[in-house]
Amino acid sequence: MPELPEVEVSRQGLMPFLVGQRIVKAIFRTPKLRHELPASLVSRLAGLRIDAISRRGKYLLFDCESTQGGGWLILHLGMSGSVRLVKPDMPLQKHDHVDLVFAHTTLRFRDPRRFGTLLWHEGEGVGQHPLLAVLGIEPLSPAFDGDWLFAQTRRRSAPIKPLLMDSHLVVGIGNIYAAESLFRAGISPLRAANRISRERYRILVPAIRTTLENSIAAGGSSVRDYVHSDGGAGCFQLSCAVYDRLGQPCPTCAQPVCSLRQAGRSTFYCPRCQR
DNA sequence: CGTTACCCCTGGAGGC
DNA sequence: TGCCTCCAGGGGTAAC
């Protein structure tokens, strides 16, 4: 589920309830997600106040009094992770790995596949953390425009689709939104990045931005339900034009949607609308 | 350096 | 029903 929009929707949903609240207690039930959970973190977190929640790519960043002797809690949802605000007596489900207990609510992190991770950065400057320092540009930032992406891809002969998913270049675009953005821009996922014109990059980048922003807006309308949910109601998701729609009619030309594998990931596209 | 294959892990879907 | 294979929204690493 989590690409940039889902992480951003989670952030916006958590913020009103957690900012200003102190962590009463942290509970780790699983010793290892993607990374080892340091046992000392349980005691380190107790008593710290959440001053802000920010996002870098698909990472959620909890500012735990970082400017006053605290640090940053870094959370990545991986492929199957989710966070919810629950009542403290909510029965545990399988793969509920972490609770952050606050006075009036509990943040519960669930991740069946355990590709997600929870890390701690002591003090300020969380951007210097090794996992964050290597990240590329934010796709919703003004600096991300067609000219920038054109310049970055002059020596890249790989197909554009896996490049859009490379977080060292641009963060937050996963398999769904890469496919949807390319459809919106009318660009084939197979086209070599250095064989796309500047003009077409000036179409592609706004297409990416629109795709992400529309998804955030759609999720944003049900944020409160999402973070308060007992697990039933998920985040409303915009219906896709091509992703996971093999053989179904293209919304533009009714030609059947095609599928293939690129760099180990399935890709969906309209062979008529995307060149 | 850029690109791709493989791996981490569980669970659901579909074939037999 | 069970067993098998394949697939899944991410990303780091190693090998070409």
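Chain identifiers are assigned alphabetically (A, B, ...) following the order of the sequence lines, protein sequences preceding nucleic acid strands; residue numbering begins at 1 within each chain. Because only heavy atoms are used, hydrogens play no part in the values below, and waters and symmetry mates are left out as well, while side chains stay in.
The nearest pair of heavy atoms linking A/F183 to A/P251 is CZ-CD, 3.9 Å. Of all non-hydrogen atoms in A/R11 and A/I53, the two that sit nearest each other are NH1-O, 2.9 Å.
For A/S266, the listed nucleotide lying nearest its side chain is C/dA8; candidates were B/dC9, C/dA8, B/dT3. Of the candidates B/dT10, C/dG10, B/dT3, the closest approach to any side-chain atom of A/R156 belongs to B/dT3. You'll find that the side chain of A/F115 is closest to B/dC8, out of C/dG11, B/dC8, B/dG11. For A/Y243, counting side-chain heavy atoms from C-beta on, the closest listed nucleotide (C/dG9, C/dG12, C/dG10) is C/dG9.
In this structure, A/Q152 places its CD atom 14 Å from C1' of B/dC1, rounding to the nearest Å. If you take CG of A/L132 and P of C/dG12, they are 10 Å apart, rounded to a whole angstrom. Nucleotide C/dG10 holds its C1' atom 14 Å from the CD1 atom of A/I173, rounded to whole Å. Across the protein-nucleic acid pair, A/K94 atom NZ and B/dG12 atom C1' stand 13 Å apart, rounded to whole Å. Atom CZ of A/R114 and atom P of C/dG9 are 20 Å apart (whole Å). A/L75 places its CG atom 13 Å from the P atom of C/dG11, with the value rounded to the nearest Å. C/dG11 atom P lies 12 Å from atom CG of A/D111, rounded to whole Å. Atom OH in A/Y177 sits roughly 13 Å away from atom P in C/dG9 (whole-Å rounding).
Between A/H35 and B/dC8 there is no side-chain N or O to OP1 or OP2 distance below 4.0 Å. For C/dA8, one of the phosphate oxygens OP1 or OP2 lies less than 4.0 angstrom from a side-chain nitrogen or oxygen of A/R261. Residue A/S80 has no polar side-chain atom (N or O) positioned under 4.0 Å from OP1 or OP2 of C/dG10. Checking the phosphate oxygens (OP1, OP2) of C/dG10, no side-chain nitrogen or oxygen of A/H76 falls inside 4.0 Å. Between A/R113 and the phosphate of C/dA8, there is no side-chain N or O to OP1/OP2 separation shorter than 4.0 Å. For the OP1/OP2 pair of C/dG10 and a distance below 4.0 Å, the side-chain nitrogens and oxygens of A/R265 include at least one atom meeting the criterion.
Residue A/K32 is the one, among A/K32 and A/H95, whose nearest nucleotide of DNA chain B lies closer to the 5' end (criterion: closest heavy atom).
The shortest side-chain heavy-atom distance between A/L149 and A/L169 falls under the 4.5 Å cut-off. For the pair A/D51 and A/R49, the minimum side-chain heavy-atom distance is below 4.5 Å.
Counting only Watson-Crick or G-U wobble pairs whose defining distances are both under 3.5 Å, the stems of 3 or more consecutive pairs in DNA chain B are B:2-8 with C:10-16, B:10-16 with C:2-8.
As judged by a 4.0 angstrom heavy-atom cut-off over every strand, A/G264 is placed among residues making no nucleic acid contact.
Comparing the same atom, C1', in C/dG9 and in B/dT3 gives a spacing of 23 Å after rounding to whole Å. Here, C/dT5 and B/dC7 have their P atoms 16 Å apart, quoted to the whole Å. Rounded to whole Å, the P atom of B/dC9 lies 23 Å from the corresponding atom of C/dC3.
Under the side chain to side chain donor-acceptor pair (under 3.5 Å) rule, A/N175 has a single partner from A/E3, A/E180, A/K161, A/Q262, which is A/K161.
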Enumerate the protein-to-nucleotides 13-16 of chain C contacts in which both atoms are nitrogen or oxygen and the separation is below 3.5 Å.
none

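Residues A/D99 and A/T106 bring no donor and acceptor atom of their side chains to less than 3.5 Å of each other. A/S66 and A/E124 share no side-chain donor-acceptor pair at under 3.5 Å. Side-chain atoms of A/Y201 and A/T153 include a donor-acceptor pair closer than 3.5 Å. A/S215 and A/Y177 are linked by a side-chain donor-acceptor pair at a separation below 3.5 angstrom, with hydrogens and angles left out of the test.
A salt bridge is defined here as a Lys NZ or Arg NE, NH1 or NH2 lying under 4.0 Å from an Asp or Glu carboxylate O, and A/E138 with A/R56 meets this definition. No salt bridge links A/R202 with A/D145; every basic N to acidic carboxylate O contact stays at or beyond 4.0 Å.
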